[in-house]
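Have a look at the structure below, then the notes.
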Amino acid sequence: MLNLKLRLKKNPLFWIVAIISIVFDHLTKFWVVQNFQLGESLPLWSGVFHFTYVTNTGAAFSLFSNGGVYWLRWLSLIVSLGLMGFAWFGPKFNPWEQLGYGLILGGALGNGIDRFVSGYVVDFLHFRLINFPIFNVADISINIGIICLLITTFFAEEGRSQKEEARRKK
């Protein structure tokens, strides 16, 4: 039991962010399914941003959606298990890494659960102004997670360069 607590304490933000992300994703999808008919659209800003209920058998932003991509459910599972194993057995992440990996896990699990249970994900966020594919909260989580990891990579490289420069001057 002590080992479990220690492992969870190593990257606590990772686990918290992942759980919040999954819950928020599923609550929003549940709300859409309960309040909209498939294909129904509610303009929040007419012609710019709508809630439009569609189902998606493809990847994020409807990529590969022509013909139910069965392998995506397994990819979601593998990515999710890999991230959980990395957080569990790997190093202590910095806060940006915990946030990034947690958001990616939450998004992968959010859509992965839907693919296993229903064979599709519920998408509803629709930017019509730029004719962007309809997406959901899990897709947002994954993309923000990637941005967090890019930020930490950029600043880690910058910090490393500054430390090396200071070491050389000594």
Side-chain angles (χ1 to χ4, degrees), residues 1-34 51 53-127 132-160 163:
M1 191 61 153
L2 179 62
N3 192 22
L4 174 65
K5 286 181 182 178
L6 289 175
R7 291 206 185 268
L8 290 175
K9 284 184 179 180
K10 182 170 49 171
N11 291 305
L13 184 60
F14 168 85
W15 301 105
I16 292 166
V17 167
I19 290 166
I20 290 170
S21 178
I22 295 166
V23 169
F24 187 57
D25 175 59
H26 277 257
L27 285 174
T28 57
K29 290 172 181 174
F30 179 77
W31 176 79
V32 168
V33 169
Q34 295 301 309
F51 282 156
Y53 173 24
V54 297
T55 57
N56 174 9
T57 58
F61 309 116
S62 300
L63 296 172
F64 311 115
S65 61
N66 298 339
V69 184
Y70 181 76
W71 57 268
L72 282 172
R73 66 180 62 178
W74 296 106
L75 178 62
S76 295
L77 179 65
I78 291 167
V79 167
S80 298
L81 291 173
L83 285 170
M84 287 187 283
F86 189 41
W88 191 262
F89 297 109
K92 178 168 177 38
F93 302 141
N94 71 45
W96 281 100
E97 290 171 326
Q98 288 187 54
L99 181 62
Y101 288 129
L103 286 167
I104 293 169
L105 175 61
L109 278 175
N111 281 343
I113 290 167
D114 292 347
R115 286 189 182 101
F116 271 101
V117 172
S118 306
Y120 59 84
V121 297
V122 171
D123 286 339
F124 61 94
L125 300 170
H126 190 188
F127 280 101
F132 199 77
I134 303 170
F135 56 99
N136 61 40
V137 172
D139 298 331
I140 293 171
S141 293
I142 291 168
N143 283 282
I144 292 174
I146 291 168
I147 291 167
C148 290
L149 295 178
L150 289 173
I151 288 170
T152 195
T153 300
F154 175 74
F155 286 113
E157 285 296 320
E158 186 176 284
R160 219 176 285 128
K163 286 178 186 175

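This chain uses plain numbering: 1 for the first residue, then up along the sequence.
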Report the distance from atom [atom1] of [X] to atom [atom2] of [Y], rounding to the nearest 0.5 Å.
{"X": "S76", "Y": "I142", "atom1": "OG", "atom2": "CD1", "value": "7.0 Å"}
{"X": "L77", "Y": "L109", "atom1": "CG", "atom2": "CG", "value": "8.5 Å"}
{"X": "N143", "Y": "I104", "atom1": "CG", "atom2": "CD1", "value": "9.0 Å"}
{"X": "F135", "Y": "N111", "atom1": "CZ", "atom2": "CG", "value": "12.0 Å"}
{"X": "T57", "Y": "D114", "atom1": "OG1", "atom2": "CG", "value": "12.5 Å"}
{"X": "I134", "Y": "F127", "atom1": "CD1", "atom2": "CZ", "value": "12.0 Å"}

Are any non-hydrogen side-chain atoms of V32 and N136 less than 4.5 angstrom apart?
->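 With C-beta onward as the side chain, the pair stays apart.
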Side chain to side chain contact (heavy atoms under 4.5 Å, CB included) assessment of H26 paired with I113 = CA-CA 10 Å; H26 277 257; I113 290 167; 3.8 Å; yes
State whether the side chain of K10 and the backbone N or O of K92 hold a donor-acceptor pair below 3.5 Å, judged by distance alone.
-> no
For the pair D25 (side chain) and S21 (backbone), establish whether a donor and an acceptor sit closer than 3.5 Å, ignoring hydrogens and angles.
->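 Here the side-chain-to-backbone pair does not exist.
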Does the side chain to side chain contact (heavy atoms under 4.5 Å, CB included) test come out yes or no for L125 and T28, once each step is laid out?
-> CA-CA 10 Å; L125 300 170; T28 57; over 6 Å; no
Quick check: are there more than 12 heavy atoms from other residues, nucleotides or ligands sitting under 6.0 Å from CH2 of W74?
->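 For W74, atom CH2 is not crowded (no more than 12 foreign heavy atoms under 6.0 Å).
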Check the surroundings of atom CZ in F116: do more than 12 heavy atoms from other residues, nucleotides or ligands lie under 6.0 Å from it?
->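 More than 12 heavy atoms, drawn from other residues, nucleotides or ligands, come within 6.0 Å of this atom.
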With distance as the sole criterion, is a donor-acceptor pair present between the side chains of N94 and T152 under 3.5 Å?
->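 Result is yes, a qualifying pair exists.
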Can you name the closest pair of heavy atoms from A138 and K29 and give their distance?
-> CB-NZ, 4.4 Å
Write down the atom of C148, the atom of L103, and the distance for their closest heavy-atom approach.
-> SG-CD1, 4.5 Å
Which is it for M84 and L105 under the side chain to side chain contact (heavy atoms under 4.5 Å, CB included) test, yes or no, and what are the steps along the way?
-> CA-CA 8 Å; M84 287 187 283; L105 175 61; 3.7 Å; yes
Of W15, F14, F93, W96, the residue whose pairing with Y101 passes ring pair (Phe, Tyr, Trp, His ring centres under 6.0 Å) |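 Only one of W15, F14, F93, W96 forms a ring pair (Phe, Tyr, Trp, His ring centres under 6.0 Å) with Y101, namely F93.
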